[in-house]
Amino acid sequence: MMDRVAKLASQKAVVIFSKSSCGMCHAIKRLFYELGVAPAIYEVDEVSRGKEIEWCLMKLGCNPSVPAVFIGGKFVGAANTVMTLHLNGSLKKMLRDAGALWL
């Protein structure tokens, strides 16, 4: 299953594992949309074997398991990490380096 998570995480420049009912997940997705990024989003509560994906995300260090953000195929972190990167200005550079942003 870790291989499946890694494969899904590398299919697009930005991948977010989320839950449709999670308020923080909604906020993180909105942040990326407002930055002009169109991430791949996997709602773990709506996909088959979603509980196993959540378990893998927790093993990667994401606690709570969602939102889990991957940029350029690499695990970035959960909401707190993403917001910290955004506020200190390094998120946009990561997004440009991964090819998710052009400006």
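- Put simply, Met1 and Phe70 are part of the same group of oily side chains (I, L, V, M, F, W, Y) that touch within less than 4.5 Å, one to the next.
- With hydrogens and angles ignored, the 3.5 Å screen pairs no side-chain donor or acceptor of Asp45 with any backbone N or O of Lys19.
- Pairing each heavy atom of Ala100 with each of Ala13, the nearest pair is CB-CB, 3.7 Å.
- Listed by first then second residue, pairs satisfying ring-ring contact (aromatic ring centres under 6.0 Å, His included) with a partner in residues 25-68 read Phe17-Tyr42, not counting sequence neighbours.
- Interatomic distance, NE2 of His86 versus CD of Glu34, reported as 8.5 Å (0.5 Å rounding).
- Ile53 and Ile16 fall into different hydrophobic clusters, where Ile, Leu, Val, Met, Phe, Trp and Tyr side chains are chained together by heavy-atom contacts under 4.5 Å.
- Taking Asp97 as the reference, Lys93 meet the salt bridge (charged side-chain N to carboxylate O under 4.0 Å, His left out) condition, with sequence neighbours excluded.
- Residues Arg4 and Arg49 meet the side-chain proximity criterion, which asks for heavy atoms closer than 4.5 Å.
- Considering every non-hydrogen atom in both Leu60 and Phe75, the closest pair reads O-CE2, 3.7 Å.
- Surrounding CG of Asn88 are more than 12 heavy atoms belonging to other residues, nucleotides or ligands, all under 6.0 Å away.
- Hydrophobic clustering (ILVMFWY, side-chain heavy atoms < 4.5 Å, transitive): Ile28 and Leu57 are in distinct clusters.
- Between the CE atom of Met83 and the CE atom of Met24 there is a distance of 8.0 Å, given to the nearest 0.5 Å.
- We find the OG-NZ distance between Ser20 and Lys29 to be 7.5 Å, quoted to the nearest 0.5 Å.
- The shortest non-hydrogen separation linking Val82 to Gly77 is CG2-O, 4.2 Å.
- Hydrophobic clustering keeps Leu8 apart from Val14 (ILVMFWY residues linked when any side-chain heavy atoms are closer than 4.5 Å, directly or through intermediates).
- Here the side chains of Ser65 and Val44 are not in contact, with every heavy-atom distance at 4.5 Å or above.
- For the atom pair CG (Leu85) and CE (Met94), the distance works out to 5.5 Å, reported to the nearest 0.5 Å.
- Closest non-hydrogen pair, Ser18 versus Cys25, comes out as OG-CB, 3.1 Å.
- Across Cys56 and Met2, no two heavy atoms sit closer than the pair CB-SD, 3.3 Å.
- Under the 4.5 Å side-chain heavy-atom criterion for grouping Ile, Leu, Val, Met, Phe, Trp and Tyr, Val15 is not connected to Val37 through any hydrophobic cluster.
- By the 4.5 Å heavy-atom criterion applied to side chains, Leu91 and Ile71 are counted as neighbours.
- Distance check: Arg96 CZ to Leu101 CG gives 7.0 Å after rounding to the nearest 0.5 Å.
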